[in-house]
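Values below: every heavy atom of this structure, side chains too, minus hydrogens, waters and symmetry copies.
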Amino acid sequence: MNTKDKERTRAARPARRPAAASGKRPAGKARTSAAPKKAQEAAKPMPDVVFLPPKPFNRNRLILRLLTVAAVVVALLLGVAVFFKVENFEVSGCSQYSEYDVFEASGIQYDANLLSINRAQAAGKIIRALPYVESVRIGIKLPNTVMISVTEVKVPYAFKDGADTWWLVSSGGKVIEKADAGEEAGLTKITGVRLDNPQSGMQAVALEEGSGLTDENGNPIPQTTTQAQRLYMALDIMKLLERNRILGKAASIDVTNLGDLQLWYGQQYHVKLGDSARLDYKIACLAAAVKQQNRYESGVMDISLTIRPEEVVITPFKDDSDNFLENP
């Protein structure tokens, strides 16, 4: 084939597309890996870290921010002082005193700042000033109201002092006031301990006295049990009676001998508690046993060694003289 024929043959063949345009790799060529490129890029030296200089301190801007914060605080304080003042009060749970008496005893003043009231201090003043108040809760209601919730004591107990005067005392040991003439007849009388100079609103203190007993040489016999221990025992029994809903049903509680505690349930049952061991359980058994008995029954109820309420033993009184409750 001469030269001219070769040129004609090339011209007649279709032109080949480039490998990039067809999307196919040319045959016979291996796939190129990207790993060497990444290795080359990692091998390149990293540029130096550039530290920018801090912005210059702007004292005027700082002062402006502080003045703004101070202005906001002053505005809030002025708003509280102007708008949140004591103008009204609400008292609940109080029957022995008027609402005004409770509010006045709190020491809170009208036009005082509502949000700055010392609630604990005000509650303490009410409890000290008003003997029949046992606990106090104080709240506020915006914009101008003080709310006082009062819990009053239930006082069915009477103690004698050193001058044979009866005083009303709560189960918490708080002296309420001197009993009116004959008022103690409807209360639970506590015998075996006396109060030392009782004051209304104050905590009861036992009057320490000598036993009055002497030995063969005429020397006084020291007491093995203090009057304070007897007082604490009486208060414990009072609380247990209330817990078992025997409030005011006991005619008397005798703590003269802590190893032989006794009480009268009305004039129906003369109850022997024994010592102070398991006293809470014994009082619970007393409450359960009374519910199980007929109303017309009466006698001596011995629960000093009781294991179950149904095992409480009641011994009928022998005669009417046994069923006589002597006034302490």
Contacts of Ser171 that satisfy side-chain hydrogen bond (donor to acceptor under 3.5 Å, both in side chains) - sequence neighbours left out: Glu242

Only counting residues at least two apart or in another chain, list the ones meeting side-chain contact (heavy atoms from CB on, under 4.5 Å) with Pro131. Tyr97, Ile176, Ser200

Decide yes or no for Leu241 and Ile253: does some side-chain heavy atom of the first lie under 4.5 Å from some side-chain heavy atom of the second? yes

Take Val169 and Leu195, measure what side-chain contact (heavy atoms from CB on, under 4.5 Å) needs, and give me the verdict at the end. CA-CA 10 Å; Val169 180; Leu195 302 184; 3.8 Å; yes

Where at least one partner belongs to residues 169-180, residue pairs that pass salt bridge (Lys or Arg N to Asp or Glu O under 4.0 Å), sequence neighbours excluded: none

For residues 226-246, pull every pair meeting ring-ring contact (aromatic ring centres under 6.0 Å, His included), keeping only residues two or more places apart or in separate chains. none

Can you tell if the side chain of Ser106 reaches within under 4.5 Å of the side chain of Lys125, non-hydrogen atoms only? no

I'd like to know if the side chain of Gln96 reaches the main chain of Glu152, judged simply by a donor and an acceptor atom lying under 3.5 Å from each other, with no hydrogens or angles considered. no

pair Trp166-Glu183: side-chain heavy atoms closer than 4.5 Å: no

Tell me, please, which residues at least two apart from Leu142 pass side-chain contact (heavy atoms from CB on, under 4.5 Å). Phe84, Leu114, Leu115

Pairs satisfying ring-ring contact (aromatic ring centres under 6.0 Å, His included), at least one member in residues 167-208, at least two apart: none

Give, for atom CE of Met147 and atom CG of Asn88, the distance between the pair rounded to the nearest 0.5 Å. 12.0 Å

The criterion is side-chain hydrogen bond (donor to acceptor under 3.5 Å, both in side chains); which residues satisfy it with Asp275, sequence neighbours excluded? Lys282

Closest non-hydrogen contact found for Ser116 with Asn113 is OG-CB, 3.0 Å

If every non-hydrogen atom of Cys94 is compared with every non-hydrogen atom of Val102, which pair is closest and at what distance? SG-CG2, 3.8 Å

Under the rule for side-chain hydrogen bond (donor to acceptor under 3.5 Å, both in side chains), what residues qualify as partners of Gln199, not counting sequence neighbours? Asn197

Look at the side chain of Asn244 and the backbone N and O of Ile246, then say whether any donor-acceptor pair between them is shorter than 3.5 Å. no

Distance (rounded to the nearest 0.5 Å) between Leu305 CG and Arg278 CZ: 8.0 Å

For Ala105 against Ala129, the heavy-atom pair lying closest together: CB-CB, 4.0 Å

Is it true that a side-chain atom of Ser304 and a backbone atom of Lys272 form a donor plus acceptor pair closer than 3.5 Å? no

Show the numbers, then the answer: is there a side-chain contact (heavy atoms from CB on, under 4.5 Å) between Asp302 and Thr315? CA-CA 8 Å; Asp302 189 349; Thr315 304; over 6 Å; no

Check Ala206 against Val193 and note the closest heavy-atom contact, atom names and distance. CB-CG2, 4.0 Å

Does Leu207 have any side-chain contact (heavy atoms from CB on, under 4.5 Å) partners at least two apart in sequence or in another chain, and if so, which? Arg194, Asp196, Glu209

Full working for side-chain contact (heavy atoms from CB on, under 4.5 Å) between Ile303 and Ile283: CA-CA 9 Å; Ile303 57 177; Ile283 299 296; 5.6 Å; no

Cut-off 3.5 Å, no hydrogens considered: what does the side-chain donor-acceptor table look like for residues 133-141, sequence neighbours left out?
| from | atom 1 | to | atom 2 | distance (Å) |
| --- | --- | --- | --- | --- |
| Ser135 | OG | Thr151 | OG1 | 3.4 |
| Lys141 | NZ | Glu90 | OE2 | 3.2 |

Using every non-hydrogen atom in the two residues, find where Ser298 and Tyr269 come nearest and quote the distance to one decimal. CA-CE2, 4.1 Å

Working note: Asp260 + Gln262, criterion side-chain hydrogen bond (donor to acceptor under 3.5 Å, both in side chains); need CA distance, chi angles, decisive distance, verdict. CA-CA 6 Å; Asp260 185 20; Gln262 301 182 26; 3.0 Å; yes

How long is the gap from CD on Gln109 to CD1 on Ile117, to the nearest 0.5 Å? 10.5 Å

Would you say Met202 has more than 12 foreign heavy atoms packed within less than 6.0 Å of its CE? no

Does any pair with a residue in residues 109-160 pass ring-ring contact (aromatic ring centres under 6.0 Å, His included), and if so which ones, sequence neighbours excluded? Phe103-Tyr110

With rounding to the nearest 0.5 angstrom, report the NZ to CD distance, Lys249 to Gln268. 11.0 Å

Which atom names give the shortest non-hydrogen contact between Ala179 and Leu168, and what distance separates them? CB-CD2, 3.9 Å

Go through it in stages, so that I can follow the logic: the residues are Arg243 and Leu240, the test is side-chain contact (heavy atoms from CB on, under 4.5 Å), and I'd like the CA-CA distance, side-chain angles, deciding distance and then a yes or no. CA-CA 5 Å; Arg243 188 182 304 171; Leu240 291 173; 3.7 Å; yes

I want to check something: taking the side chain as every heavy atom from C-beta on, are Pro156 and Leu247 in contact at a cut-off of under 4.5 Å? yes

So, using side-chain hydrogen bond (donor to acceptor under 3.5 Å, both in side chains) as the criterion, who are the partners of Ser92 when residues are at least two apart? none

Is Val205 linked to Val155 within one hydrophobic cluster, defined over Ile, Leu, Val, Met, Phe, Trp and Tyr using a side-chain heavy-atom separation of less than 4.5 Å? no

Distance in Å, Ile148 CD1 paired with Ile126 CD1, rounded so as to fall on 0.5 Å steps: 4.5 Å

Should Ile314 and Val290 be regarded as members of a common hydrophobic cluster, given that ILVMFWY residues are connected when their side-chain heavy atoms come within less than 4.5 Å of each other, either directly or indirectly? yes

Separation between CE of Met233 and CD1 of Ile190, rounded to the nearest 0.5 Å: 12.5 Å

